[in-house]
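Some notes on the structure that comes next.
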Amino acid sequence: MLLTALISGIGLGSMYGLMALGFYVTYAVSGTVNFAQGSSMMLGAVLTFAFARTLGWPMPVAILCALALCAVYGLLVEFIAVRPFASRGSDSWLMATVALGIVLDNLVMFTFGKEPRSLPSPLAQSSLEVGGVNLGVYPLQAVIPVIGLALAGALYLLSVRTRWGSAMLAVAQNRAAARLMGIPIKRSIALAYALSALFAGVAGVLIAPLANVHSDMGALFGLKAFAVAILGGLTSAWGVMIAGLIFGVAEALVTTSLGSGYTQIMTFSLVILALALRPNGLFGRAEVKKV
Amino acid sequence: MSQSSSRGLADVAGASAFIGLLIAGAAMALTLNGYYVFVLANVALFALVGVGMNVLIGLSGQMSFGHVGFYAIGAYVVAIMTKAGISFWLAWPLGAVLAGLVGALLALPALRVKGPYLAMITIAFGFIVEHSIVEMRSLTGGQNGVMGIVAPQLGRLASGERAVTLLALAAVGVAFWAYVLLSRGAWGAGLRAVRDSETASESIGLNPLAVKTVAFAASAVCAGAAGGLFAPLSGFVTPHTFGFAQSILFVLVVMIGGAGSAWGPLIGAVVVGLLPELLSSLEDFRLLFFGVLLLVVLWAAPTGVAGLIGALGRRVRALFAPSPTPTLTASEPADGGPVLSKRPRQPIFADALSISFGGVHAVSNLSFAAQPGQVTSLIGPNGAGKTTALNMLSGFYTPSSGGFRLGERALGGAPAMAVARAGLARTYQTSQLFGSLSVLENVTLAMGRGRLGPLLGSARLRAPKAQARALALLAWCGYAGDVRAPAADLAHVDRRLVEIARALALDPDALLLDEPAAGLSSDDKRQLAALLRRIADAGLALVLVEHDMTLVMGVSDYVVVLDAGQRLAMGTPAEIQENPAVRQAYLGEQAAPAAPRQAAAPGERREMLGVNALVVGYGAEPVLHGVDVQVMRGEVVALLGANGAGKSTLMRTLAGLHRPVLAGGVTLDGQDVGGMGAEQIVALGMVLSPEGRQLFPELSVLDNIRLGAFLQPENRDSRVEEMLGRFPRLRERLHQRAGLLSGGEQQMVAIARALMSRPRILLLDEPSLGLAPKIVAELFAALDQLRRDGMTILLVDQMAGLALSLADRAYVIEGGRIVAHGDAESVARDGALAQAYLGAQHERA
Amino acid sequence: MAHSFSPITRRRLFAGVSALAFAVSAGAAFAADPIKIGLVTALSGQSALAGEAISRGMTIAIDEVNAKGGLLGGRMLELVRRDDEGNPAKGVTAARELIFREKVAVLFGGLDTPVSMAIVPMINAEKVPFMGPWAAGTGVTKNPGNPNFAFRVSAVDEIVNVGMLDYAQKTFKATKPGLILVNNPWGESNEAGLKAALAAKGMSAVGMEKFQDNDVDVVPQLTRLRAAGADVLFMVGNVGPSAQVVKSLDRMGWKVPIVSHWGPAGGRFTELAGPSGKDVHFVQTYSFFGKQSPVGERVIGALKAKYPNIKGVDDITPAVGVANAYDGLHLSALAIAAAGSTDGDAVRQGFYKIGKYEGLIKTYETPFKPGVHDAIQAGDYVWAQFIENRILPVGVTN
């Protein structure tokens with residue numbers, strides 16, 4: 001039972017981590033986030049369903065197309081809801097991303113339908129058994145953290161091995177110096193938003209066979225992912241991923257021991273406690289006070 | 001005076017408009033049908049929460065996405081207590097107070113964090129409240145909440161929702177009035193001060209945490225009071241009514257209306273309260289349209305509708321009344337009394353002050369005394385630890401060992417706020433005025449030494465006596481502008497003067513000044529010098545950190561020289577000027593590179609870079625006043641001058657980091673680049689290796705170097721190899737994080753990175769800054785090699801001797817103007833250079 | 001891609017936009033003025049589908065009434081809908097708008113029990129008849145209002161809960177029931193109902209567990225119920241969360257009979273829950289599958305004609321929403337006709353005057369009397385299960 005909770009918690013936690021990576025990427029590069037990140041996740045799941053089930057495309061094609069469109073949506077978020085405000089020094093991108101999320105959720109509700117649907121996966125048919133012991137989880141739940149960590153690793157490799165990857169790291173670490181290298185800041189920020197939505201989309205695709213696919217599926221998830229990003233410290237990719245696992249396991253353990261009514265009370269209290277003790281998150285670096 | 005009367009008129013107009021609105025609202029509440037009354041009440045509740053949120057967001061600059069939690073607390077207190085038979089009139093204020101208490105409690109963890117971290121804590125709080133309500137079923141009725149809450153009676157005037165609506169309107173009236181008082185009073189100024197510059201607020205004795213906690217609690221009280229009216233208005237409370245979305249709406253009220261404007265939340269409440277109702281017949285399309293319209297409103301008015309209306313109003317007024325509004329200027333006190341009280345003041349004793357950051361000793365064992373009535377200057381090359389020492393003396397850094405006293409009072413380790421209250425005031429390298437406060441408010445606010453008086457009171461800010469003293473102080477400091485102007489709009493020199501006046505408003509024993517002359521013209525500097533002298537003569541102990549040696553040597557009674565965190569010398573200005581160690585530290589005369597000077601390769605003398613009558617500045621005041629510089633192809637040109645002379649500003653402007661160019665131009669190979677951004681200029685081949693290296697600290701050395709080739713990735717790796725040939729030291733560090741390298745190695749990485757961009761002209765800003773002499777020699781050998789390879793270089797360096805040994809030609813810049821130029825040797829001989837570095841009184845031996 | 005922009009929605013959009021421009025519309029009532037029937041329900045968010053089903057049931061019935069010449073001498077019925085987002089505060093505001101501005105004759109509404117509970121005191125105060133086509137909370141119709149304006153054609157938790165226990169005892173010989181309830185107001189009201197039903201028989205639940213409506217894993221809760229020795233599960237939750245319970249049971253490999261409230265009927269339960277979805281027995285007020293009455297055939301035909309994306313009876317989901325709303329509307333029309341006016345109190349008494357009405361769910365005989373405001377009684381419930389993606393009464397296989 002504890003093992004089940006752990007596997008399930010790690011699975012969910014790595015999804016929180018993936019989405020939180022999305023927050024991390026845009027925050028590092030631009031100091032802004034898509035507050036409606038849950039909507040990007042929902043888009044990934046809904047589009048995959050639409051391509052695979054409604055249009056009957058092969059699953060890999062459907063997933064790739066869905067993720068590509070997620071990235072495009074990320075560009076759109078940056079262009080519509082972030083750039084017009086951030087460039088004028090206004091904080092209204094906060095509200096604008098929320099508004100855009102509302103618009104997307106409702107557009108999906110009218111096109112996709114109001115009915116929750118299920119995206120079947122061969123990895124979520126029967127539960128995982130090890131040595132004849134039923135672990136009470138789908139193989140997918142065990143695979144998800146692997147994919148999550150692999151993607152985080154891939155992000156890492158991308159960032160150190162590719163020209164644009166290191167360019168974005170450069171923008172995150174020292175914007176002025178990055179400009180002196182000729183790195184275009186605006187395009188880096190747009191790219192960060194595309195990546196951010198892409199990560200959320202991957203989380204959506206992975207979570208879809210476990211959850212139900214509908215226009216509302218991302219809201220709470222996105223908020224928890226934000227909590228994870230903050231808990232991890234927003235300045236460290238690995239910190240964010242680890243915070244996701246911590247959050248997921250904490251949720252599973254609270255649900256197992258106290259019942260699910262207390263899950264959010266306990267996990268959010270932990271977030272407050274953690275921030276009270278470490279104001280820059282668990283893995284965030286404290287900045288030297290500049291006077 | 002006429003302005004104050006016109007302001008008074010505007011106040012009267014605003015107040016009557018508001019009272020008129022309230023009366024109209026009350027009339028509507030008594031006559032309209034149940035739906036409109038309900039909508040009106042909802043708008044009023046939004047306004048009530050919004051006014052409170054405006055204290056938080058608009059005045060203190062904090063953010064909360066959890067105020068629905070306070071709203072819920074107020075609502076449930078009223079629901080539960082009235083159901084238990086307790087009077088609404090008791091329950092309502094109790095709910096608001098409880099919400100305020102919880103708000104103050106939440107402020108404890110919340111206000112230690114900033115930005116998104118704060119947002120998260122408030123979000124978490126909202127969720128915790130919502131879910132706790134569900135779980136505390138015996139008290140709260142769980143998921144199904146409390147039904148059948150009875151609305152209070154207002155005598156025979158109104159009952160039910162009409163009564164609640166009247167109450168809500170009255171509450172909005174009270175809250176609005178309180179907001180106006182708060183915002184105009186000392187606390188409002190304190191809140192804005194903390195928002196504008198938390199650092200500076202501490203150094204006038206304010207306690208930012210306390211001030212922000214009050215803002216949090218005040219906004220929580222408003223939300224709680226609104227919740228307490230929501231319960232009887234709707235007749236029920238359920239947890240689901242108090243979800244996260246409601247918090248978003250609360251923030252929206254302020255953001256749409258305009259944060260910081262008294263009318264903002266009222267406008268925002270009307271929008272947020274009415275828009276969904278106007279859209280209600282869209283049925284299931286309502287939310288979609290709401291989202292779209294929200295985006296449109298945000299696009300149209302990114303800083304709020306109130307701001308938009310205000311801007312439009314100003315434009316219209318400017319159209320009809322083009323005459324400038326009369327200003328109020330500072331004046332000497334009528335009674336002619338002294339501006340600074342005549343009382344004995346205490347000296348500062350620094351006692352073996354030491355501090356290190358990450359193993360580096362920024363300041364070690366610094367001891368000196370600054371006597372009252374004297375100017376004690378703290379000088380030294382860049383990176384010597386002067387500002388760090390000042391930060392310890394003002395309580396911003398805690399010394400790792402040693403301490404300091406003000407008279408007999410030990411202050412080492414005390415927080416900045418306590419140091420300020422004890423009587424040690426300071427100013428900042430880049431002046432930190434409270435930009436949204438007026439000049440006068442900046443000064444009067446500081447006079448309380450951190451005391452703000454009653455929450456809604458304005459005596460400390462607006463009492464005639466206080467204002468008269470502030471005016472006198474400003475006049476005494478030489479500020480002649482409008483004292484009602486927002487400090488953010490001031491010219492550079494005025495910022496310096498007002499900041500000094502603000503520091504003096506504390507009536508301190510000692511005053512610490514961090515580079516007050518930076519960026520001032522020579523006239524302004526003379527004025528400043530006179531002011532500093534006057535302050536010292538008034539009996540204060542003055543500690544001055546300054547690069548302008550003319551000023552330092554002219555005004556100081558005593559000089560302490562720091563180098564690499566150590567005290568290098570101490571004495572009178574004349575002693576210091578003759579001290580060979582000081583000359584070495586400043587001019588680096590002995591550290592010329594080993595390689596003998598070779599004549600630059602003869603080639604066509606074509607201009608590579610032309611700077612033509614360039615004027616740039618920060619804000620209104622120019623820093624460069626028409627600078628002309630020319631760099632020929634294949635030439636090394638040195639740009640010399642003291643700190644604050646404008647060297648780095650020039651370099652940043654050339655590289656495209658500083659914009660706009662106010663006048664004049666920059667040409668690269670004849671092409672005008674004055675309007676281009678940094679990215680474009682790099683592509684044209686002008687590359688800056690900036691001051692302070694500016695590496696990407698988390699990336700490896702290799703990645704840093706590779707990034708230099710971002711625009712020209714072809715055969716990158718062979719070029720990296722070439723760089724390693726140039727800087728062999730870097731080979732073994734290749735895979736280390738750049739941030740962990742020593743200063744010299746970092747500088748090599750920075751130059752290598754710049755060279756990877758294939759520059760046609762390399763701009764080098766302070767390459768030797770903070771480096772040990774041996775490393776400097778190695779670095780300059782590498783630069784000399786570059787020169788011999790035919791690279792065109794424009795070099796800025798504190799070490800004038802070194803720079804000149806490398807350069808073909810040199811320019812000397814002082815106060816934003818070129819004061820001398822010529823070939824390197826003649827500039828080295830010219831007195832202008834030594835004067836620029838060591839001050840006018842210095843005479844070359 | 002279940003929904004496309006039909007001409008109706010486009011007209012609605014246009015109406016909405018013009019309403020934006022003319023926010024306040026007023027007009028005196030003429031004889032030919034339509035009689036407005038209000039509906040406050042969730043049209044967006046998680047419960048949007050059920051709100052849509054109610055809308056459809058009402059629309060079909062309104063079309064039938066209007067086709068026969070309307071009411072009160074030729075006045076047509078007109079449906080006016082408002083979205084409450086499942087939020088009681090929004091629901092109350094919307095209800096007020098419909099009552100005071102749209103002047104609806106009868107107000108339908110409240111998918112969620114708390115929304116209905118919040119609206120009921122107001123309709124009693126304003127004397128506007130209320131018809132509940134969905135929310136099953138007992139207190140909606142059993143409220144302290146005197147006179148009471150709230151009527152209902154839907155399940156009543158109290159009665160359903162007794163039925164669930166009876167069914168579990170009869171069908172599964174269950175003695176140790178475990179409760180698995182969604183953590184929302186509906187789940188909480190059933191918790192009370194089920195405990196009362198058990199207590200009435202001197203029994204008690206071996207365990208009671210809550211789950212969130214967005215949980216993807218209910219294994220921990222179910223493991224505790226299994227450890228407590230439950231031999232039947234009483235499940236209350238909407239279709240998505242219910243599916244998660246079934247999937248979690250699957251993963252645990254626990255085969256236990258499930259007796260459920262009508263949640264699974266709210267969507268494609270077998271698609272969501274997987275093959276084990278068929279083992280869930282749940283209560284229905286009506287099923288469009290199997291042999292239909294003439295009324296049933298007529299309604300199915302009308303739905304298919306009106307809504308192009310209804311191709312078969314399995315597209316009529318949730319069926320109970322359509323059926324309850326359809327009968328509720330017809331009963332309301334009869335009440336208005338009996339009252340001879342749209343005056344609230346007259347219509348309320350009109351409900352009592354309804355005699356025999358051959359409806360979709362059943363043939364009603366004097367469905368409402370003072371003190372009896374629920375048209376559906378214990379004997380009217382149907383126990384059903386999913387076979388493939390068709391809801392069939394238990395025992396019927398085609």
Side-chain angles (χ1 to χ4, degrees), chain A residues 27 33 80-81 84-85 88 90-92 94-96 98-107 109-110 160 163 166-167 169-170 173-174 176-185 219 223 226-227 229-231 234 261-265 268-269 271-273 275-276 279-281 288-291, chain B residues 108-109 112-114 116-117 120-121 123-125 127-128 131-132 134-135 199 244 248 251-252 255 284-285 287-288 290-292 294-295 298-299 302-303 357 387 391 396-397 428 655-657 677-679 682-683 687-688 690 694-699 703 706-708 710-711 713 753-754 757:
Chain A
Y27 187 78
V33 296
I80 294 181
F85 305 102
R88 280 187 272 188
S90 155
D91 283 339
S92 290
L94 254 173
M95 292 289 112
V98 171
L100 193 60
I102 294 176
V103 172
L104 179 70
D105 287 359
N106 282 276
L107 279 179
M109 186 178 87
F110 286 113
V160 295
R163 181 164 159 261
S166 44
L169 284 183
Q173 290 176 31
N174 190 330
R179 291 183 65 196
L180 289 175
M181 306 296 106
I183 297 167
I185 306 293
L223 219 56
F226 183 65
I230 295 294
L231 194 64
L234 268 179
Y262 290 95
T263 310
Q264 290 188 21
I265 300 177
F268 280 116
S269 298
V271 170
I272 293 187
L273 186 71
L275 287 179
N280 292 294
V288 176
K289 194 167 176 179
K290 288 257 196 303
V291 179
Chain B
L108 288 181
R112 288 189 62 206
V113 302
K114 288 188 163 51
Y117 299 94
M120 187 60 235
I121 284 196
I123 291 173
F125 168 73
F127 269 87
I128 291 170
H131 287 265
S132 300
V134 173
E135 293 306 318
T199 306
F244 177 58
I248 297 259
V251 176
L252 208 55
M255 301 279 260
D284 38 1
F285 288 95
L287 272 179
L288 181 62
F290 183 67
V292 171
L294 207 58
L295 274 174
L298 289 170
W299 276 328
T303 51
F357 298 109
T387 298
N391 284 343
F396 287 103
Y397 291 168
Y428 296 87
L657 286 178
E679 302 86 347
V682 175
V687 178
L688 170 68
Q694 308 289 337
L695 297 185
F696 306 113
E698 303 294 310
L699 299 186
D703 285 335
R706 280 176 170 169
L707 270 167
F710 179 79
L711 290 177
R753 188 180 64 176
S757 307

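Quantities reported herein were computed from a predicted structural model and do not represent experimental measurements. The basis for the numbers below is simple: all heavy atoms, side chains too, and nothing from hydrogens, waters or symmetry mates.
- The two residues A:Pro184 and B:Glu679 make their nearest non-hydrogen contact at CA-CG, 4.0 Å.
- Below 30°, between 30° and 60°, or above 60°: for B:Phe396 and B:Tyr428 the angle between ring planes is above 60°, a perpendicular geometry.
- If you measure heavy-atom distances from A:Val271 to chain B, the contacts under 4.5 Å come from the side chain alone.
- Between chain A and the residues B:Pro109, B:Ser757, B:Gly291, the largest count of heavy-atom pairs under 4.5 Å involves B:Gly291.
- Each of B:Leu108, B:Ile248, B:Val134 has some count of heavy-atom pairs under 4.5 Å with chain A, and the biggest count is that of B:Ile248.
- Shortest non-hydrogen contact noted between A:Ala170 and B:Leu707 is CB-CD1, 3.5 Å.
- Of the two parts of A:Arg179, the backbone and the side chain both hold a non-hydrogen atom closer than 4.5 Å to a non-hydrogen atom of chain B.
- Looking at A:Phe85, the atoms closer than 4.5 Å to chain B (heavy atoms on both sides) all sit in the side chain, from C-beta outward.
- Contact count versus chain B (heavy atoms, under 4.5 Å) is highest, among A:Ile80, A:Leu100, A:Leu169, for A:Ile80.
- Under the 3.5 Å distance criterion, the side-chain polar atoms of A:Gln173 are matched with a main-chain donor or acceptor of B:Glu698.
- Residue A:Pro84 touches chain B through its side chain alone, counting heavy-atom pairs closer than 4.5 Å.
- For the atom pair CE of B:Met120 and CD1 of A:Ile272, the computed distance is 8.0 Å after rounding to the nearest 0.5 Å.
- Heavy-atom pairs under 4.5 Å with chain A peak, among B:Gly677, B:Ser132, B:Ala655, B:Ala754, at B:Ser132.
- For chain A, the nearby parts of B:Val292 are the backbone and the side chain; heavy atoms of each come within less than 4.5 Å.
- In terms of heavy-atom pairs under 4.5 angstrom with chain A, the leader among B:Gly656, B:Gly708, B:Ala124 is B:Ala124.
- Side-chain contact between B:Phe127 and B:Ile123: present, with at least one pair of heavy atoms (C-beta onward) separated by less than 4.5 Å.
- At least one donor-acceptor pair closer than 3.5 Å links the side chain of A:Ser90 to the backbone N or O of B:Pro302.
- Between chain A and the residues B:Gln694, B:Arg753, B:Glu135, B:Met255, the most heavy-atom pairs under 4.5 angstrom are made by B:Glu135.
- Between B:Pro116 and A:Phe226, the shortest heavy-atom distance links the atoms O-CZ, 4.0 Å.
- A 4.5 Å side-chain heavy-atom check between B:Asp703 and B:Phe696 finds every atom pair outside the cut-off.
- Comparing A:Ala276, A:Gly182, A:Ala176 by how many heavy-atom pairs each has under 4.5 Å with chain B, the most go to A:Gly182.
- At a 4.5 Å heavy-atom cutoff, the contact between B:Leu699 and chain A is made by backbone and side-chain atoms alike.
- Heavy atoms closer than 4.5 Å to chain A are found in the side chain of B:Pro713, but not in its backbone.
- Looking at B:Phe710, both its backbone and its side chain come within 4.5 Å of chain A, counting heavy atoms on both sides.
- Annotation for B:Tyr117 and A:Gly281: closest pair CE2-N, 3.9 Å, computed over non-hydrogen atoms.
- The contact between A:Ala178 and chain B is made by backbone and side chain atoms together, counting heavy-atom distances below 4.5 Å.
- Counting heavy-atom neighbours within 6.0 Å of B:Phe244 CZ, excluding the residue itself, gives a total above 12.
- With a 4.5 Å cut-off on non-hydrogen atoms, B:Leu695 touches chain A through its backbone but not through its side chain.
- Counting only heavy atoms from C-beta outward, the side chains of B:Pro690 and A:Leu180 approach each other to under 4.5 Å.
- By number of non-hydrogen pairs under 4.5 angstrom with chain B, the leading residue of A:Asp105, A:Val98, A:Leu231, A:Leu234 is A:Leu234.
- Chain B forms the most heavy-atom pairs under 4.5 Å with one residue out of A:Ala81, A:Ser166, A:Gly101, and that residue is A:Ser166.
- Side-chain atoms of A:Asn106 and B:Phe285, non-hydrogen and from C-beta on, never get closer than 4.5 Å to each other.
- With a threshold of 4.5 angstrom between heavy atoms, A:Leu104 does not approach chain B through any atom at all.
- Options A:Ile183, A:Leu275, A:Leu273 differ in how many heavy-atom pairs under 4.5 Å they form with chain B, and the most are formed by A:Ile183.
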